[in-house]
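What you are looking at is a predicted structure, and each value in this text was computed from that prediction instead of being measured.
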Amino acid sequence: MSNEELREARELRHEQQFVSVLYERLDTLREQAEAAVEVSAGQVSTVRQARVERDISVAEHSGRLATLNAVESGLCFGRIVSADGVSHHIGRLGMRRDDQERTPLLIDWRAPVARPFYLATGYTPMGLRRRRHITTRGREVTALHDEIMDLADTTRTGFEDPDGDAVLLSALNSARTGRMSDIVQTIQAEQDRIIRAPYCGVLVVEGGPGTGKTAVALHRAAYLLYAHREQLARRAVLIVGPNPAFLGYIGEVLPSLGETGVLLATVGELFPGVRATGTDTPRAAEIKGRAEMARVLAEELADRQTLPDPVLEIAHEDHGTLVLDRATAEEARRRARDTGLPHNLARPAFAFRIIDALTEQLADRIGADPLGGPNLLDPTDIAQLGKEIAGSPEVQAAIDALWPSLTAQELVAGFLEDPARLDPEDAAAVRRPAPRTGADARIDWTPADVPLLDEAAELLGEDDSAARAAAARERQERIEYAQGVLELSYGSRTQEFEDREDEDSEVLAAHDIIDAERFADRHEETDTRSAAERAAADRTWAFGHIVVDEAQELSAMAWRLLMRRSPSRSMTLVGDPAQTGDAAGCDTWEEILRPYAGERWELTKLGVNYRTPAEIMAVAAEVRRLAEPGFEPPRSVRSTGAHPVVRAVPRPELAHAAAELTSEQVKEQAAEGREGRLAVIAPQGLLPALAAELPDASWGRTPDLTRRVVLLDARQAKGLEFDTVVVVDPEGILDGSPRGINDLYVALTRATQRLGIVRDRDVPPRPASLAP
C-alpha cells in the first residue's frame with residue numbers, strides 16, 4: 001500500500017472512530033432521556049410533588065427524546081481546522097463529553113463557531129486552515145472531501161477536493177425520495193446570510209425556481225429557535241405552506257435538524273374547529289380574497305343589529321303585552337356600538353338598555369298612582385321587576401331577534417347564502433346554498449372561507465363569561481373537596497393527639513402547612529401540551545415568528561389573518577411573484593406589506609438555481625417571456641446534457657401518450673440505478689384520464705409523494721421537486737387560468753434531471769420551444 005493510500009485509510013479510520021464515539025454518546029443521552037420519561041411518569045403525586053410537576057417533566061423529557069431520535073441520520077457532517085491547529089466537528093446538534101469539564105464533542109451547525117464552515121473561502125479563510133465534508137450512511141463514514149483554505153499548508157490527506165463542489169453536486173444529483181431533505185451540509189454563503197439574519201422585522205426572500213427558498217426558510221426557523229430558544233419555545237414558530245401535500249413534503253426537515261416543536265399549517269387550517277376541504281372556483285376564491293371583503297362582512301354584521309318596524313310586542317305572563325318601540329331600540333343599539341366592543345361583547349350593553357326600558361314600562365303600568373302622585377313601587381320592587389324581565393324567555397327572544405349572539409360560522413354561512421352586498425356577477429360566483437340541518441348538518445368550508453371566518457371572529461368577539469363562570473364553579477368545588485380532605489386529616493390527628501396526650505408531640509398535619517385553596521391549586525389540571533399544540537387550538541395565539549412559503553399566493557384577506565397572529569411583525573416570507581398562480585395572489589411585495597409594515601421590511605434575492613438543469617431552464621424561461629419579454633431566469637449551476645423530450649399527439653391520445661412516456665422514463669431511471677420519483681403534471685381535468693392510464697400512480701387532494709409516480713396539477717406542484725417530470729397539455733395549462741403562464745412556468749421547473757412534454761399537435765406551440 002502506498003504512503004498516500006495509508007494516509008487516506010488513516011484519515012478515514014480516524015473519522016469513523018470519532019463518529020462511532022458520537023453515536024455512543026447519542027445512545028447514552030437517549031437512554032437517559034428514556035429513563036427520565038419513565039421515572040417522571042411513575043412519580044406519585046403528593047402535596048410536595050404535585051401531578052402538575054410530573055406531567056411537565058414527562059413533556060420536557062419526551063421532547064428531548066424526540067429531538068435525539070430525529071437527528072439520528074447524518075449526526076456529524078463536517079470538520080474545520082483553524083490556523084492554530086484547533087479542530088471542531090460540526091453536526092446537527094451540539095453534544096458535550098460526559099466528563100467533569102463538559103468539553104464540546106460536537107458543535108451545533110447554528111453556533112457562531114460553526115459559521116466559517118459555510119462562509120470561508122480561499123480569499124477569506126476566516127481563520128481556517130482546511131474544511132472537511134464528512135459523508136455518512138447511517139453510522140458509517142462513506143466519504144471525505146477536504147478543502148484547503150490556507151495554500152501554505154502542505155499537509156495532504158488524499159481527500160482533497162480541487163473545486164470544493166463535489167459534495168454539493170452529489171446532493172443535487174441524488175435521487176429524490178418524495179420528502180425534502182435538509183441542506184445543512186451544503187448551505188451556500190448567500191443562503192447562510194439569510195438564515196442568520198436578525199430575528200426581528202419582516203424579511204422577504206425572493207428567488208426563482210430551485211434557488212433553495214424553502215430550504216433557507218426552514219433552516220432559518222431552526223436557527224432562530226436555537227438563537228432565541230427561550231422566547232420562541234414559549235410563543236412557537238408557525239410555518240405556512242400552500243397545500244397539504246407541500247407540508248407533507250417538508251415535514252421531516254425541521255425534525256432532522258433537531259426541532260420538533262413547530263406548527264406546520266396551510267391557511268385553510270388556521271381556524272380551530274374548521275377543516276377546509278371544500279373547493280372554490282378560481283373566480284370565487286379571488287372574490288373572497290379581496291381586501292374589500294373585510295368591509296362587506298362588517299356591513300353584513302351591522303345588518304344583523306336590527307330595529308323594530310315600527311314596534312315589537314312582547315308578551316308578559318302576568319301583565320299583558322309590553323311594547324318595544326324603534327326609538328328605544330335605536331338608542332340601545334347606539335349605546336352598544338359606542339362601547340367599541342365586538343358584536344358579541346357589546347350585546348350585554350344592548351340587552352341591559354332594553355331590559356331597563358321594559359322594566360320602566362312595566363313599573364309605570366303596575367305602580368302608577370291613580371291620583372297622579374309618584375310611582376307607588378319602591379326601588380326594591382322595581383329591581384325585582386327587572387329580574388323578572390331579564391329572566392323572561394319572551395324578552396330574551398326579542399333581544400336575540402334584534403341583536404343575536406352569533407358565531408363566525410353562522411355569520412359567514414349567512415353571507416354566502418345571500419351575498420347581496422356584492423354585485424350580481426360576484427354574488428352568483430360565491431353564493432352557496434344554506435347548509436343542511438339536523439344530525440348531518442355540515443358545511444364544506446373552502447380554504448378561501450377561512451380568512452372570512454377569521455375576520456368574522458374578530459368582528460364578533462368571544463363572550464367567555466359563561467366559560468369563566470364554569471371555571472370558577474369548578475375551582476370552588478375543588479377547594480371545598482380539598483377542605484374536606486384537610487378536615488378529615490385534622491380529625492384523625494386530633495384523635496391521635498388525644499390518645500397520646502401525655503406526650504409532647506410536635507408532628508405537623510397537612511392542614512398545618514397548607515390551606516384548602518393552595519391544596520386545590522396544586523391538584524388543578526395543567527395544560528402540558530407543547531406551545532405549538534396550544535397555538536393550533538387557539539385562534540388568538542400570537543406566534544414568536546412566522547414563516548410563509550409561496551407567500552405570493554396569499555390573498556389580501558389571508559394576510560389579514562396572518563398579521564393578527566404576528567403582532568410583533570417577526571416574519572420570514574419566501575416566494576417568487578413570477579410563479580404566482582392564484583388569481584387572488586400578489587404581484588409585488590409592496591402590495592402585501594405596505595398596509596402592515598410600511599417601509600419596515602427588507603427584500604433579499606437568491607439568484608442561483610440548484611435544482612433545474614440549464615437545458616430545462618432554457619425552455620421554462622421562454623414560457624415566462626410570453627408575459628415578460630426581458631425575463632432572465634436564475635442561473636443554473638449544472639448542465640446534464642439531457643434536453644427536454646417533446647411529443648405531439650392528437651388530443652384524445654394525450655393521456656395514453658403521457659403514460660407511455662412516463663413508463664419509458666421510469667425504465668431509464670431504473671437502468672441508471674436511480675430510485676427517483678416522477679411527477680406527471682397536467683390540467684386538473686386531465687388527471688382522471690391519466691389515473692386510468694397509470695393505475696399505480698398516487699393522486700388526489702393529498703397524494704403520496706413517496707410513490708414512484710404521482711399525478712398533480714400545476715398548483716399542487718408548487719414547491720416540490722422530482723427527478724423526472726412529464727408535463728401534459730402545456731397549452732391547456734396556459735389557458736386554464738388568468739395566470740396560466742406562471743402555472744406552466746412552475747410545472748416546467750420541478751425536474752432535477754429530465755423533462756418530458758406531451759402536447760396537442762393541433763394547437764400551435766406557445767412558445768416555439770415547446771414544438772417537437
Verdict with supporting geometry, Val637 and Asn609, side chain to side chain contact (heavy atoms under 4.5 Å, CB included): CA-CA 6 Å; Val637 299; Asn609 185 340; over 6 Å; no
Measuring only between side-chain heavy atoms, which start at C-beta, is [X] closer than 4.5 Å to [Y]?
X: Arg611; Y: Leu172; result: no
X: Trp445; Y: Leu453; result: yes
X: Val608; Y: Glu190; result: yes
X: Val450; Y: Leu561; result: yes
X: Val728; Y: Val680; result: yes
X: Leu203; Y: Leu573; result: no
X: Val240; Y: Val547; result: no
X: Arg110; Y: Tyr223; result: yes

Does a side-chain N-to-carboxylate-O contact under 4.0 Å join [X] and [Y]?
X: Arg766; Y: Asp735; value: yes
X: Arg739; Y: Asp587; value: yes
X: Arg139; Y: Glu72; value: yes
X: Asp762; Y: Arg651; value: no
X: Asp723; Y: Arg754; value: no
X: Arg565; Y: Asp454; value: yes

Is it the case that [X] and [Y] place a side-chain donor and acceptor less than 3.5 Å from each other?
X: Thr572; Y: Arg220; answer: yes
X: Asp549; Y: Thr214; answer: yes
X: Thr266; Y: Asn243; answer: no
X: Glu553; Y: Thr580; answer: no

Whether [X] side chain and [Y] backbone form a donor-acceptor pair below 3.5 Å:
X: Gln191; Y: Gln188; answer: yes
X: Arg275; Y: Glu269; answer: no
X: His145; Y: Ala166; answer: no
X: Arg750; Y: Leu720; answer: yes
X: Ser174; Y: Ala171; answer: yes
X: Gln552; Y: Asp576; answer: yes
X: Lys213; Y: Gly208; answer: yes
X: Arg176; Y: Met180; answer: no
X: Lys718; Y: Gln579; answer: yes

Please name the pair of heavy atoms, one in [X] and one in [Y], separated by the smallest distance, quoted to 0.1 Å.
X: Ala197; Y: Leu224; result: O-CD2, 4.4 Å
X: Ile592; Y: Cys586; result: CD1-SG, 3.4 Å
X: Met293; Y: Lys288; result: CG-O, 3.5 Å
X: Trp589; Y: Val574; result: CH2-C, 4.5 Å
X: Ser636; Y: Met617; result: OG-CB, 3.8 Å
X: Ala70; Y: Pro255; result: CB-O, 2.6 Å

Residues in side chain to side chain contact (heavy atoms under 4.5 Å, CB included) contact with Ala537, at least two apart in sequence or another chain: Arg529
Just how far is it from atom [atom1] of [X] to atom [atom2] of [Y], taken to the nearest 0.5 Å?
X: Leu416; Y: Asp449; atom1: CG; atom2: CG; value: 5.5 Å
X: Ile287; Y: Leu422; atom1: CD1; atom2: CG; value: 7.0 Å
X: Leu705; Y: Gln716; atom1: CG; atom2: CD; value: 9.0 Å
X: Ser256; Y: Leu75; atom1: OG; atom2: CG; value: 12.0 Å
X: Thr640; Y: Ile616; atom1: OG1; atom2: CD1; value: 6.0 Å
X: Glu664; Y: Glu660; atom1: CD; atom2: CD; value: 7.0 Å

Intermediate values then yes/no, side chain to side chain contact (heavy atoms under 4.5 Å, CB included), Thr186 and Phe77: CA-CA 10 Å; Thr186 58; Phe77 54 79; over 6 Å; no
Intermediate values then yes/no, side chain to side chain contact (heavy atoms under 4.5 Å, CB included), Val649 and Val758: CA-CA 7 Å; Val649 299; Val758 179; 4.2 Å; yes
Worked verdict on Gln185 versus Thr135 for side chain to side chain contact (heavy atoms under 4.5 Å, CB included): CA-CA 9 Å; Gln185 189 173 357; Thr135 305; 3.9 Å; yes
So which pairs with a foot in [range] pass ring pair (Phe, Tyr, Trp, His ring centres under 6.0 Å), sequence neighbours left out?
range: residues 741-772; result: Phe631-Tyr745
range: residues 682-715; result: none
range: residues 245-276; result: none

Stepwise side-chain hydrogen bond (donor to acceptor under 3.5 Å, both in side chains) test for Thr604 and Glu206: CA-CA 6 Å; Thr604 185; Glu206 180 181 315; over 6 Å; no
Arg432 vs Asp444, salt bridge (Lys or Arg N to Asp or Glu O under 4.0 Å): CA-CA, chis, key distance, verdict: CA-CA 10 Å; Arg432 177 186 298 158; Asp444 288 328; over 6 Å; no
Residue pairs involving residues 700-711 (criterion salt bridge (charged side-chain N to carboxylate O under 4.0 Å, His left out); sequence neighbours excluded): Glu675-Arg708
Salt bridge (charged side-chain N to carboxylate O under 4.0 Å, His left out) pairs, two or more places apart, involving residues 613-623: Glu622-Arg625
Parallel, tilted or perpendicular: rings of Tyr118 and Trp109 (30°, 60°): perpendicular
Derivation and outcome, side-chain hydrogen bond (donor to acceptor under 3.5 Å, both in side chains), residues Asp743 and Ser737: CA-CA 8 Å; Asp743 288 340; Ser737 76; 3.2 Å; yes
